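Read through the structure below, which is laid out as structure tokens, and then see the notes.
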Amino acid sequence: MVFKRLLGSLGVGGPTVDTVLDPGVAVPGGTLRGQVHLKGGDAGYDIEQITLELVARVEAETEDTEHEGTVVFDRFTVGGGFRLAEGEQHSVLFSVTLPWETPVTELYGQPLGVVLGLRTELAVAGAKDKGDLDPLAVGPLPVQEAILESLGQLGFDFKSADLEYGRIGGTGQQLPFYQEIELSPSPRYAHEVNEIEVTFLAHPGGMEVVLEADKRGGLFSGGHDALTRHSVSHSDIAQHDWNTEVDAWVRQLVEHRASYGSHSAHGGYGHSDAHGGYSDKGDHGHGDHGGHGHGEHGGHRSGPGMGTVVAAGAAGLAVGVVGGMVAAEVVDEVGDFFEGEEGDEG
């Protein structure tokens, strides 16, 4: 994408910029590399600063409505302090580290419907222009992939993924939003929950896994949410039977007593402590079930894994219908995001 909006502030004949990312998919906490290509205009310009912004399309819920907006969740200064001569071509190499909580946009090469972008801001002659906005593809960390794969093998189907503005209380969350990956329950749990949502909060030492179940109501009771939290290490992959581990988490979640709460950024969830009781903590409080839950396990359904599930479900975004959404609509949504950003800032 070319920085066409510079024409608005510097006039026709101003410099242009095109940011190109290195091939491949980034991962949370990993390195993002690329180049910012500048081309001088009809006159020389002092390039004061080149800044990259990580942006995300995020949903914000209130009691009676839902909004979507763009959130900048990190910024990097990658160059500046030089003069770009008339017609000169100049490239700036960059290497930046993504936040550990960067959302996952694809799984097994298939899009999840989450939209991230890398926006280039150029400060020239005292003016700043936000322009060149490129899509950013982020794949899962190995431990995230292992957990999602196990959920697929246990019979859970991908429904959707989104980014929610707000914080999960009782966690080490750093970003102002979190990702929810929504799954349809396996046949074993279909009579108890409507869906299960998974949130990964990664950090250098490991990751918090927050599970939320939308539990079905009974004849004399309404439905409600139940939540648990677990801690894993980045080095846990080879040492664990993830199917058994993850199934224990789901059983613990489903067997919880009622935990009531709202989904707004300011709401409070029931908070489960280590002894199974509940305390009331605001701002999406979750129970701390650190470590790895074990116990008696019934027969496990050995399914195709999340890779196949994504190919037939989530990633049916690329090949067919997923929850009523077809591939073209997802492409349009991503395109609208970037085009809308350009229009808003032009």
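Just so it is clear, the model here is predicted, and its values are computed rather than measured.
- Between Pro135 and Leu21, the closest heavy-atom pair is O-CD1, 4.0 Å.
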Between Ile50 and Leu38, is a side chain to side chain contact (heavy atoms under 4.5 Å, CB included) present by the stated rule, with each step listed? CA-CA 10 Å; Ile50 303 171; Leu38 299 168; 3.9 Å; yes
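- Taking the side chain to side chain donor-acceptor pair (under 3.5 Å) definition, one finds that Thr199 meets it with nothing, sequence neighbours left out.
- Looking at heavy atoms from C-beta onward, Pro185 lies out of side-chain contact with Ile196 at the 4.5 angstrom threshold.
- Within the model, atoms CG of Leu116 and CG of Leu54 stand 8.0 Å from one another, a figure rounded to the nearest 0.5 Å.
- In this structure, Gln179 contributes its side chain and Val104 its backbone to a donor-acceptor pair below 3.5 Å.
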Under 3.5 Å donor-acceptor pairs involving side-chain atoms of residues 200-211, not counting sequence neighbours:
unit_1 : atom_1 : unit_2 : atom_2 : d
His203 : ND1    : Gly205 : N      : 3.2
His203 : ND1    : Gly206 : N      : 3.1
Glu208 : OE1    : Gly172 : N      : 3.0
Glu208 : OE2    : Arg229 : NE     : 3.4
Glu208 : OE2    : Arg229 : NH1    : 3.4

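- Considering all non-hydrogen atoms of both residues, Glu164 and Asp162 come closest at OE2-OD2, 3.5 Å.
- Checking side-chain atoms of Gln144 against main-chain N and O of Leu141 turns up a donor-acceptor pair under 3.5 Å.
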Show, in sequence, the C-alpha distance, side-chain angles and deciding distance for Tyr189 and Asp247, and conclude whether the side chain to side chain contact (heavy atoms under 4.5 Å, CB included) test is met. CA-CA 11 Å; Tyr189 298 109; Asp247 188 57; 3.2 Å; yes
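- When all heavy atoms of Leu183 and Phe158 are compared, the closest pair comes out as CD2-CA, 3.7 Å.
- Between Val36 and Thr120, the shortest heavy-atom distance links the atoms CG1-CG2, 4.4 Å.
- Residues Val58 and Phe73 fail the side-chain proximity criterion, which asks for heavy atoms closer than 4.5 Å.
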Evaluate the criterion side chain to side chain contact (heavy atoms under 4.5 Å, CB included) for residue pair Thr102 and Asp74; output intermediate values, then yes/no. CA-CA 10 Å; Thr102 299; Asp74 213 341; over 6 Å; no
Please test Glu212 against Asp214 for side chain to side chain contact (heavy atoms under 4.5 Å, CB included), starting from the C-alpha separation and ending with a verdict. CA-CA 7 Å; Glu212 175 182 354; Asp214 178 10; over 6 Å; no
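- Residues Thr105 and Ala137 approach most closely at OG1-CA, 3.4 Å, considering heavy atoms.
- Val25 and Phe94 fall into different hydrophobic clusters, where Ile, Leu, Val, Met, Phe, Trp and Tyr side chains are chained together by heavy-atom contacts under 4.5 Å.
- In terms of modelled atom types and a separation under 3.5 Å, the side chain of Arg57 and the main chain of Val71 share no donor-acceptor contact.
- Gln173 places a side-chain N or O within 3.5 Å of a backbone atom of Ile168 that can act as its donor or acceptor partner.
- For the atom pair CG (Asp157) and CG (Leu151), the distance works out to 11.0 Å, reported to the nearest 0.5 Å.
- The aromatic rings of Trp249 and Trp242 stand perpendicular to each other, their planes meeting at an angle above 60°, with 30° marking the opposite boundary.
- Taking 4.5 Å as the limit, every side-chain heavy atom of Val138 sits out of range of all side-chain heavy atoms of Val114.
- At least one donor-acceptor pair closer than 3.5 Å links the side chain of Glu101 to the backbone N or O of Gln174.
- The structure places OH of Tyr178 at 8.0 Å from CD of Glu197, a figure rounded to the nearest 0.5 Å.
- Residues Phe82 and Leu122 are members of one and the same hydrophobic cluster, defined by side-chain heavy-atom contacts under 4.5 angstrom among Ile, Leu, Val, Met, Phe, Trp and Tyr.
- Rounding to the nearest 0.5 Å places CD of Glu145 at 10.5 Å from OG of Ser150.
- Residue Arg188 comes nearest to Glu192 through the heavy atom pair O-OE2, 4.3 Å, listed as atom of the first residue, atom of the second, then distance.
- Put simply, CD on Gln35 and CG on Asp22 are 7.0 Å apart, with the number rounded to the nearest 0.5 Å.
- Atom CG of Leu136 and atom CG of Leu118 lie 6.5 Å apart (nearest 0.5 Å).
- Within 6.0 Å of the CZ atom in Arg33, the count of heavy atoms belonging to other residues, nucleotides or ligands does not exceed 12.
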